[in-house]
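Structure, as structure tokens:
Model, not experiment: these values are computed from the prediction. Note on naming: letters A, B, ... go to the chains in the order of the sequence lines (proteins, then strands), and numbering restarts at 1 for each one.
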There are 2 protein chains.
Amino acid sequence: MTRRSPDDPIKAADPLTRNRFPIHPWRFTEAEYSSDDLGVTESLFAVGNGYLGMRGNVEEGRETYTHGTFINGFHETWPIRHAEEAFGFARTGQTIVNVPDNKTIKLYVDDEPMLLSVADLESYERSLDFRDGLLYRNIIWRTPGGKRVKVSSTRMVSFTQRHLAIMTMEVTMLEDEAPVVISSQTLNRQDGRDEYHVRSAAMGTGVDPRRGVPFETRVLEPQSHWWQDQRIILGYRCANSKMTLAVGVDHQIITDNDYRTFTSADEDTGKMVYRVQAKPGQPIKVTKVVSYHTSRGVPNRELVDRCRRTLDRVLEHGVEPEFAAQRQWLDKFWERSDVVVHGQPALQQAIRWNLFQVAQATARAEQSGVPAKGVTGTGYSGHYFWDTEIFVLPFLTYTSPQMARSELRFRYNMLGAARRRAEELAQSGALFPWRTVNGEEASAYYAAGTAQYHIDADIAYALCKYVAASGDQEFMNREGVDLLVETARLWADLGFWRENGTGRRSFHIHGVTGPDEYTTVVNDNLFTNVMARFNLAKAAELLGQLEREFPRAYQRVAERLELGAEEIAEWAACAESMSIPYDEVTGINPQDAHFLDREVWDLKNTPADKRPLLLHYHPLVIYRFQVLKQADVVLAMFLQGDHFTKEQKRNNFEYYDPITTGDSTLSAIVQSIIAAEVGYRELALRYFYNSLFVDLADLHGNTSDGVHVASTAGVWNILAYGFGGMRDYNGIITFDPRLPESWAGMTFQITLRGTRVKVDVTSGEIAFTVVAGESAELAVRGEYFTVSAGIPVRVSLADQGSGIDGPLPSRTVDRRPDGTLITASVPQAVLLGR
Amino acid sequence: MTRRSPDDPIKAADPLTRNRFPIHPWRFTEAEYSSDDLGVTESLFAVGNGYLGMRGNVEEGRETYTHGTFINGFHETWPIRHAEEAFGFARTGQTIVNVPDNKTIKLYVDDEPMLLSVADLESYERSLDFRDGLLYRNIIWRTPGGKRVKVSSTRMVSFTQRHLAIMTMEVTMLEDEAPVVISSQTLNRQDGRDEYHVRSAAMGTGVDPRRGVPFETRVLEPQSHWWQDQRIILGYRCANSKMTLAVGVDHQIITDNDYRTFTSADEDTGKMVYRVQAKPGQPIKVTKVVSYHTSRGVPNRELVDRCRRTLDRVLEHGVEPEFAAQRQWLDKFWERSDVVVHGQPALQQAIRWNLFQVAQATARAEQSGVPAKGVTGTGYSGHYFWDTEIFVLPFLTYTSPQMARSELRFRYNMLGAARRRAEELAQSGALFPWRTVNGEEASAYYAAGTAQYHIDADIAYALCKYVAASGDQEFMNREGVDLLVETARLWADLGFWRENGTGRRSFHIHGVTGPDEYTTVVNDNLFTNVMARFNLAKAAELLGQLEREFPRAYQRVAERLELGAEEIAEWAACAESMSIPYDEVTGINPQDAHFLDREVWDLKNTPADKRPLLLHYHPLVIYRFQVLKQADVVLAMFLQGDHFTKEQKRNNFEYYDPITTGDSTLSAIVQSIIAAEVGYRELALRYFYNSLFVDLADLHGNTSDGVHVASTAGVWNILAYGFGGMRDYNGIITFDPRLPESWAGMTFQITLRGTRVKVDVTSGEIAFTVVAGESAELAVRGEYFTVSAGIPVRVSLADQGSGIDGPLPSRTVDRRPDGTLITASVPQAVLLGR
């Protein structure tokens, strides 16, 4: 697969090898087996529903980068041992647990195991189908003894029944008869024998903070094991977190061949073995129905019962209705969410793979968060970050608002822990943890963790966007308001007022880290201040509105939160006078108060093998330079674009883009959207490819740790916001498209207060059609209108963006606020090739 | 004992309870036993020689805060597990090991154990004698059966034989006869059964990063155990560091009573038991001779042999010559080092206790460093820091130059590791570890660790001071030059040039932490820049001098270090144009480029139970404010005072003193010296008391973890530099005394190029007398002169400092660089009393 390197920037061209991964509009297909990149393909072919996820391990179980079955939020805790302690440091580590695995269904013909890496495969195809939500594999295998066997299997994690997964395997001897053994297994693999070995070995060669922390001791304590007929149920409890889990499997075999069954179970293993005397042409079809139930502490026997009930229900009516329900769920999902790029089949496939990943990460997450890797891997330890609010929620808000609401309720439920964390940090209000599973701060590196206070504003931002788009004022008034108030409180307390000589007071926020983790603990980080301003203003605005429109609700809120008019007025004042770094000379917004004092890192002369920087330089080295992991000023211009002039946007983009490494997968999304807005259309398209293929082409080299969920949702953001030119400041939806010149057209849909509007963009016009519901208020380039059912609106567009192309002007060198001069430079060690 | 609190600032008054700790000019004596503060008294009565140290545990062994026998540099390593990893983070933890203990000599009379906490003591006295270097204890005990027993013991760690300790116990039945058992023990206690339990319990109630990290598993692996007659030898190896240790004990009994002996040893225990049929008036005298030998990897049997040889040598001539040698060594030490404050017996005792501690921490440290707690406790894990160079080495340089040289050679021997660390941090030259035992960085918290680059300059500073005072140019030319060059290289590479509009270039150092750890990772930290300037200038100067005066030495150095004229010129240029923060409006030097942008922490309104701040606030909270652990600008004005005007010094002192918490014990030293210089004489005296009684009155509440060695040496610094008004910029020794008004006079001595000069200061004059050697060049208030053997010099002094007293003017509030106004404030949580 292609690896991105700084000397070989991604082009707006398809990076996939198409004889291996052929183009198909609705499937991601592998036509040739390879064991060279198992880690990547296991992530790419993972199936999940946001609650339960299974990596795309092969059924045979042997060849693997890492086995993995994950349940969102099911985690073990461990005491963080800081080599040097300090007050308020995170104390409890939280790591998603690799739960007992059910993917292995081994096949033996003539007692010979099928092992893909050495098997003589007459044909091979593996496909993840975006319409029916199944992972398929179809093989014709010539056994060492020369017998041809057809092996077809499917794997599905149900979108409609969150505790349910179904696997099938159908084996047919094509010409010969043979003894066939099918061995379906349930394995608790986690005691350091396989994937954790891989992980430790990998850790040995270097340090990658993006991986999770491996366990060193047994995590899942066996609680019960039981089997009867073709059913097996195992129960476990996490040693420290005391979370409980039960996993049940039920099997069915349909065949006209003679067979015998053997069932067994012990503490860490369940086995269902079929010994079949297979005749040619007589298929053997085994169906495996799997159920996982988990809880924070419900006794194991209760979870065992729940597994039983799930399995019984499926047993009653068979698996076919589940497949149908899956298809139906996805039909509706695509109806609401699909984006069509006309005449670009390769892109089309990749776009749908990405959107499908968002569905797999969020569909049934319900009141859990969305882990950075969804339920596809252990990267980032299964933690929830800000990415969900900023990159995933826009997509959900405009296509599946109910799911957006679930995510926000998850944050609401964390409010108690966030209040305690604020207190620990000597602040009022609530401070949401930078990374967490259970609500407690789990970031042991505060400079790029706890110091990212902006997460508070990110949550407030996502909340306001959801309420504006959905019209769900009731949620806002009942629960959202607490989030808005407690986050606003944090900001008002965290910052402080300064007066300058002329008597003008401004509000400053010091000692925080913005999304760009390549500088930390800075003063007046522009992104943070812009977002905190929004947070403060919205809180004041909402309470004003409540007081006017819902006085009794206001009264309840005021009492519950001990709110007074003075405090609310203070928020408005803080927002009004928020300090926003701006440099007169360059006309840019410095990333923080002192950003321009730093040396400029010369990225052009940094060798490819020193990227990403975070894996090759001590943080102190990186922090000393103007060099970005992701450009958070550019992100601020996206999220709060109505607060920047056109010229500022252009200047900022041109300043920051050349010093942005894109070492975060979130970077390309934002660079693409703003490149499109300010007129770098070719660059916008390149960044789009960069996002689109983050995982599909393993551009960051760590897809094996799981799919980058925020990036997959980012693809939608680029399409709708970047190329569609959509903006939604203050709940007003406007468009100013930037369709790539090479594209014939693009269609996407957005749901606004229950009305679904189809948006068609071509180079000459933009058209809006209500496809469900009544009507919606929209605007194109400042012209407001209403689009109603049956009355589409078409707007002609003369041109789309200024279309500047070619290299960016060099703004970073020779230009300093006070006329001072800095030459771009690199650490000594870079030049020496250390 | 007294605890300092912000509401109860230390006064210039004796804080000790004198009926318990009576005043004696040459002894620190305890006249009443108490088990309430065992941790503190164990540290105060510890004996050591800089190599081997024994806490002042009672002989009976039972009642204890923590047993402790330590060998400087004898450490175990352990992998640091960062909860979040990053490139270049310290990997190997290093912790001083509590070695097998020999202090326990149990006494039973009529089979009743003597236990001080319940014993009926007719008389009790414990004394540490500064002249003969022995710890004495004299008791008359009335046994439960009513028999009176006289018990006298001594404990000595030899200053002349670094591997040797001697203990004696003499027991006399005064009126009755009785069976007496004396059981001398060698115990490897470290397997988590006693002091480590205490420690863990203490850790549980809160976090104190100043403590060491406890071990969780067995450290010392037994290698051998052997006994014969009255001798026992045990051998061990550290599980990870593979350091080896042997401990041998030999016993002697002298008595006219009948007795039997029993000797035994196993892996973790050696026992020598005397069963005596004691007659009244017949003393039983047991002598225990102990030898420790350690190494980085010499096989155990070799160390066992070394123990044997040490013991045999003592056996040959008996212990009396060792006591005599100890006394002789100390006679010479005091001859060189004593400071006499006339007419202040309580101060006199405390001063000598402090100076004696320096001797105990450094005498035989030889080419090891000086741990922050010497060999008296496990605080700071036995690590070496910058304190040695800045606070301990001045005392050694002017009183025991040979010891100063040893310490500098220790740094020279670490140069290889420091070069590797610089490379890891992407820099040229050498970067000394912030904390270490074995030369590798062990600070896992880089913001207040690795980021303290100033340690490089601190070493260079101590080196230049030593060479100037001793005249040991040979050491400089042969080894010191490498230190100077590699540290200068680090600075030249770490910083960068900026040009301002007017074409003036200046040199900046970004992203470093100064000694004040209450702000971290700042730009142009004044202390760092001032000290780096010194380092760069001195390196250039030395090489210029070498080239002129020792061309062949220069050639060798230039080749060895690949030096060229251009690089040397660059250092001079960097020094010349070093950026030194200065604020025109307030007339102060901001602690760093953006220090004045911070809010001012209102210390007056911070409750006592929130001190020290580091134990009650998250670093992010502390870092956001103008509040100091120690005032590093003030320290810079002490070390590089010739670069500041009188007015700057006064302004800076007045600005920083009110926002300085003194949460570091180093703080009071520096505040006292500069308070004296700028004229706050009463405040200088209060800070002096603060330093003098840091341990004696447990002012920081953690003396139980060991003696604050830098603070004990700081006492000399205040006496010589603060009250004596000595300065030594560029090797020129000048005086401008500030004798406290309540003092009749003070006498101290300094050794300059082999000549020892006695300095007498009274309120009316300063007098210099050569007491050994030829002559010395000195100056008083700008008047230069030579003092020669037999020709004392007396200089009349009209007044000593301006003598401003009363409260400092409030400079921190209402005064901002650009006229802006900030009001002092405290975090919300402080006011709420959280």
Interchain contact, Ala447(A) with chain B, by part (heavy-atom threshold 4.5 Å):
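Side chain of Ala447(A) only, per the 4.5 Å heavy-atom cut-off to chain B.
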
Take the angle between the ring planes of Phe87(B) and Tyr617(A) and call it parallel below 30°, perpendicular above 60°, tilted in between.
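Plane angle between 30° and 60°, so tilted.
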
Under 6.0 Å between ring centres: does that hold for His618(A) and Phe89(B)?
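Yes, the ring centres sit under 6.0 Å apart.
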
Side chains of Val521(B) and Val521(A): closer than 4.5 Å at any heavy-atom pair?
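The answer is no, as the side chains (C-beta and beyond) never meet within the 4.5 Å cut-off.
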
What I'd like to find out is whether the side chain of Leu494(B) reaches to under 4.5 Å of the side chain of Arg624(A), using heavy atoms alone.
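Counting from C-beta outward, Leu494(B) and Arg624(A) do come under 4.5 Å.
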
How long is the gap from [atom1] on [X] to [atom2] on [Y], to the nearest 0.5 Å?
| X | Y | atom1 | atom2 | result |
| --- | --- | --- | --- | --- |
| Glu85(B) | Leu614(A) | CD | CG | 12.0 Å |
| Trp497(B) | Glu599(A) | CH2 | CD | 12.5 Å |
| Phe625(B) | Phe496(A) | CZ | CZ | 8.5 Å |

Counting heavy-atom pairs under 4.5 Å with chain A, which one of His616(B), Arg505(B), Glu424(B) comes out on top?
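Max contact count across the listed options: His616(B).
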
Among Ala90(B), Ala444(B), Gly88(B), which residue forms the greatest number of heavy-atom pairs with chain A at distances under 4.5 Å?
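Option with the greatest count: Ala444(B).
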
Largest heavy-atom contact set with chain B, pairs under 4.5 Å, which of Gly449(A), Ser443(A), Gly93(A)
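Going by pairs under 4.5 Å, I would pick Ser443(A).
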
Search all heavy atoms of Gly511(B) against all heavy atoms of Leu620(A) and return the closest pair with its distance.
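Shortest heavy-atom separation between Gly511(B) and Leu620(A) comes out as O-CD2, 3.7 Å.
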
Measure Tyr445(B) against the heavy atoms of chain A and call it side chain, backbone, both or neither at under 4.5 Å.
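Both parts, heavy atoms under 4.5 Å.
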
Side chain, backbone, both or neither: which part of His510(B) has a heavy atom under 4.5 Å from chain A?
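Contact with chain A involves both backbone and side-chain atoms of His510(B).
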
Taking it one step at a time, do His508(B) and Asp597(A) satisfy side chain to side chain donor-acceptor pair (under 3.5 Å)?
CA-CA 10 Å; His508(B) 296 262; Asp597(A) 293 347; over 6 Å; no

